[in-house]
**Student:** 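My questions all concern the structure below.
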Number of protein chains: 2
Amino acid sequence: MQPAEKSKGCPLTPLVALLTGPWTLHIIWTLSTQGPTRFGVLKRQVEGISSKVLTERLRMLEEAKVIYRDYKPTIPPQVTYRLTERGEDLHIVMTQLNTIAHKWYN
Amino acid sequence: MQPAEKSKGCPLTPLVALLTGPWTLHIIWTLSTQGPTRFGVLKRQVEGISSKVLTERLRMLEEAKVIYRDYKPTIPPQVTYRLTERGEDLHIVMTQLNTIAHKWYN
DNA sequence: CGGAATCCATTGCGATACTG
DNA sequence: CAGTATCGCAATGGATTCCG
């Protein structure tokens, strides 16, 4: 069971389920600070992540309308990810987390 | 490997590692809306969590100075958890997440 | 290049039982 | 009441390989 499967009533649940997924915040943070980024670059920036999980997470974020996937069928193909307006909402939250992190650990 | 083990340099890392732990946000949310709560009540409010994991998470949150543990050695023993000032910092963030959740899903 | 598919080891979680 | 201890399994993330 996913923890988030419970408490269907709370509107926070699906959002929390998304954000607490592995690497998710890291990916969003990278996209928000680096701007639109290609798959390969993203994989290098989010150090330690596997292709499988990165793809998986990007799909979930795309489905949640947090990121856009821009696919150019060139050879070789070129796929760029960038935050949507929803992604920017989350960026604001992460900026606050960043502020808190500094407050706590400095 | 825990995802958070990487990127030691980023100040966000330990905070994110804490928050993305299972049930963590749920626990914080409950404590912030219900106020100080005893173990048994908390276990019932955070529906689906096991004693083991609840204890585990509470210990981590205590260590991170996010919650206090008030222990009264009565018979039967009485242990109450409540947010610290740090916990209140996180409550603010969650309130914003709540706002976002409503914005997205309504 | 950006994945999809497969396989596999790890482990984290739940269930259960027990205790001061 | 508020945990701790033990166990066993399923899920999940990593590594690898292959492809359009």
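All chains are named by letter (A, B, ...) in the order of the sequence lines, taking the proteins before the strands, and each is independently numbered beginning at 1. Values reported hereafter were calculated over all heavy atoms of this structure, with side chains retained and with hydrogens, waters and symmetry mates removed. No experiment lies behind these values; they were computed from the predicted model shown.
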**Student:** Measure the distance from CD1 on B:Ile49 to P on D:dA2 and round it to the nearest whole Å.
**Tutor:** 15 Å

**Student:** Indicate for each nucleotide in nucleotides 1-6 of chain C, in 5' to 3' sequence, whether protein heavy atoms under 4.0 Å reach the base (B), only the sugar-phosphate (S), or nothing (-).
**Tutor:** BSSS-B

**Student:** Once you round it to whole Å, what is the distance between P of D:dA2 and CG of B:Asp70?
**Tutor:** 12 Å

**Student:** Round to the nearest Å and state the distance from A:Leu54 atom CG to D:dT12 atom C1'.
**Tutor:** 16 Å

**Student:** Tell me whether B:Ile67 is reachable from B:Tyr71 by hopping between hydrophobic residues (I, L, V, M, F, W, Y) whose side-chain heavy atoms are closer than 4.5 Å.
**Tutor:** yes

**Student:** Does one hydrophobic cluster hold both B:Phe39 and B:Tyr68, with members joined at side-chain heavy-atom distances below 4.5 Å?
**Tutor:** no

**Student:** Just by distance, no angles: are the side chains of B:Trp29 and B:Asn98 close enough, under 3.5 Å, to form a donor-acceptor pair?
**Tutor:** no

**Student:** Expressed as a whole number of angstroms, how long is the span from A:Met60:CE to D:dT12:P?
**Tutor:** 10 Å

**Student:** What distance separates A:Thr33 OG1 from A:His91 NE2, expressed to the nearest 0.5 Å?
**Tutor:** 8.0 Å

**Student:** Rounding to a whole Å, what distance do you find between B:Ile75:CD1 and D:dA2:C1'?
**Tutor:** 13 Å

**Student:** Nearest 0.5 Å, what's the CD-OG1 distance between A:Glu47 and A:Thr30?
**Tutor:** 10.5 Å

**Student:** Is A:Leu61 linked to B:Tyr105 within one hydrophobic cluster, defined over Ile, Leu, Val, Met, Phe, Trp and Tyr using a side-chain heavy-atom separation of less than 4.5 Å?
**Tutor:** yes

**Student:** Given atom NZ of B:Lys43 and atom C1' of C:dA15, what is their separation to the nearest angstrom?
**Tutor:** 10 Å

